[in-house]
Asker: 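Provided herewith is a single structure, encoded as structure tokens, for subsequent inquiry.
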Amino acid sequence: MLSIRNLTAKIGKKIILNDFNLEIKKGEVHALLGPNGSGKSTLSYVIAGKEGYEVDGEIIFKEKNILDISADERAKLGVFLAFQYPIEIPGVLMNTFLRTSLNSIKKAKGEKELDVVDFIKLSKDISNKLGIKEEQLSRPLNVGFSGGEKKRSEVLQMALLKPEIAILDETDSGLDIDALKMVANGINTLRDKERSFLVITHYQRLLDYLKPDFVHVIINGTIVKTGCSTLAEEIDRLGYKNFSSV
Amino acid sequence: MSLALTDYFKKEFNFSITKNTSEVSEFKKKNFETFLKQGFPTKLLEDWKYSTIINNFDQATNIFTSNKLDKVSNIPFEDFEHNKIIVYNGSFLTSDFYDVDKDKISLTNLQQYLNEQKFGYLKTNYVARNTLVNLNNAFSQHGFHLLVEEGSVLQYPIIIYSIFDKFINKKIGFQKNIIELEKYSKVLIYHKSIFHNNSSFLNLSTTYKLDRNSHLKNYILNQNNLDNNIFRYQEFFLSKECFVESLTFSNLIRNIRDEVEIHLNDVLANGNLYNIQSLTDSDDHEIKIKIFHNAENTKSHQTARCVLDGKSRGIYQGKIFVDSKAQKTDGYQLIKSLLLSDKANFHSKPELEIYADDVKCSHGSSSSSLNPDEIFYLMTRGLTKLAAKRMLVKAYIAEVLEKIQDKYIRNIFLKIAEKIYE
């Protein structure tokens, strides 16, 4: 599904990802943990196609090196990034944005685009499941949303676009326990054998709900350890001090 | 440059006043004398220092006098119910009002109105602050006067279709309209210009007089100007508890200077002014706003959004003046520009001049380019870079349009923005 090989990313002389390797198969959920500044968000940006990094190596997705294509082409191929800090865009109504986005992806896949009526029905249905108020859909994108509303909005977008690989960059940060459960449920309902997840987090509590297949620790832009869910529990107890010398 | 033109105006002037009463002739003479004394504006004047339209005064060298046709066809009327006023090459041509609104207004041509001298217009307006307005006062013959009668609320909006065609090519066109709202009246006016002409210099002026507790919504579309230089002057006089909402939306405009003066002359007068510039190629648009808070508890709000691409140039000079009597004034001004090209440029000059000590006035101005993080966010949702940029620009404009109270007009302008950046 997603194969990251010898990936290096730098800005100027600063190396952020250093010979990074990761293999995610169909249907797997991988968790990536690491201290601040270890390269987690950069990894998510590089996979999603953000410009401004000097990148070397390969990211193979559906047998294609996606480093050669733009962010929108990656999205159309099935890559989704739930942002740690979703961008506020005044003037773009959430509904308009979601429908434009969904129809861009559908068009690229050769599927029938949704008209306004069908789209509203679909978006309301998913919103209700995620505890998103309908009035939020007619507000400007992420403007004035609380931290929890922003994160739920990201999960709503993921549920609408149905990507094949979803990268969740600290989607749990800033959520209270009820919102966390709701977001985790939203993610779990999307889990199937064709869809994979890379969950970037600082906390064990999201992983309690998601139960990842693999847990990786990233330090200084490189994965230094891979294990099962007990690795996350260990980090939750002891922190990253055992990995800092690597 | 303009000396020959001034000499030409001198010759034409005597002829132009023959059809007027002595009072009107006097009014015109005073204005013309002021023009002769001060001449055309130059870049030495603070209000004109960014202007390029001053380089083009002699683009046209003869005054357009009268139309040869008494009917205009193929006017692109809006497809919702509205009252119509048709102005052709600066002259009032015809009108079409719904029966339900007919008795609420009176409409006369400018000549007749000036000769009847209502509301002291001739007394208040002979010393203009701008010599192009003096020139307009001296030469305008063919506009209209619209009166909305006391207590009347028009059921349908009025659209003023101003059509300019080839007969005014390379000529100087003057147009003056006077719009008067009596007490407790309400009206919505949408000004739509249709240009089929070239290389004209159009000097357009509208005076709005609002009597107590009247409400005016006033929207202007500046679009598809082929090759004309246009000076448009609007002045608003507001009495007690009056309200004005005014929007000017400019796109594909060649070279236009829009000048607006709002006089808040009595308590609780309130003026909201919105400007949108969507400029490209070598469009050049100057906006000059002056808001005069002349009484206590008056309120003004200015919002401008300017999007500049190509080699276009946008200028916004906005001044809030607060008289010493105007305590409790609330004045706000925010000017934002978005530069889409390295060759586009924007000049902003917000000003406050305050002589009262208990007021709330704020102003701000910023210029930026599109935010790459916003573009990336939209691209990760499947929008191409171009589509993402267009969505952001539309949003930037829509933020102001969403403030427009009338939903039909709001949708018209939203559709225009949609079409520009589709």
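Nothing here was measured: the structure is a model prediction, and the numbers come from that model. Every chain is numbered from 1 and lettered A, B, ... according to where its sequence line falls, protein lines coming before strand lines.
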Asker: Judged by modelled atom types alone, do B:N218 and B:H191 share a side-chain donor-acceptor pair under 3.5 Å?
Answerer: yes
Asker: Does any heavy atom of chain B fall under 4.5 Å from the side chain of A:L141, the backbone, both, or neither of them?
Answerer: side chain
Asker: Could you tell me which of B:E374, B:K394, B:K385 has the largest number of non-hydrogen atom pairs under 4.5 Å with chain A?
Answerer: B:E374
Asker: Are B:Y219 and B:E245 packed together at the side-chain level, in the sense that at least one heavy-atom pair is separated by less than 4.5 angstrom?
Answerer: yes
Asker: Among A:P140, A:P163, A:P90, which residue forms the greatest number of heavy-atom pairs with chain B at distances under 4.5 Å?
Answerer: A:P90
Asker: Assign the ring pair B:H347 / B:Y50 to parallel, tilted or perpendicular, where the plane angle (0 to 90°) is split at 30° and 60°.
Answerer: parallel
Asker: Are the side chains of B:I397 and B:F249 in touch, meaning some heavy atoms are under 4.5 Å apart?
Answerer: yes
Asker: Under a 3.5 Å cutoff, is there a donor and acceptor pairing between the side chains of A:E149 and A:S153?
Answerer: no
Asker: What part of A:E73 gets closer than 4.5 Å to chain B, counting heavy atoms only: side chain, backbone, both or neither?
Answerer: neither
Asker: Can you tell which part of A:P86 gets under 4.5 Å to a heavy atom of chain B, answering side chain, backbone, both or neither?
Answerer: both
Asker: Verify whether one side chain among B:N251 and B:Q223 offers a donor that lies under 3.5 Å from an acceptor in the other.
Answerer: yes
Asker: Which answer fits A:F80, side chain, backbone, both or neither, if we ask what part of it has an atom under 4.5 Å from a heavy atom of chain B?
Answerer: side chain
Asker: Counting only non-hydrogen atoms closer than 4.5 Å, does B:A395 touch chain A with its backbone (N, CA, C, O), its side chain (CB onward), both, or neither?
Answerer: both
Asker: Quick one: of B:E402, B:R381, B:M379, who has the most non-hydrogen atom pairs under 4.5 Å with chain A?
Answerer: B:R381
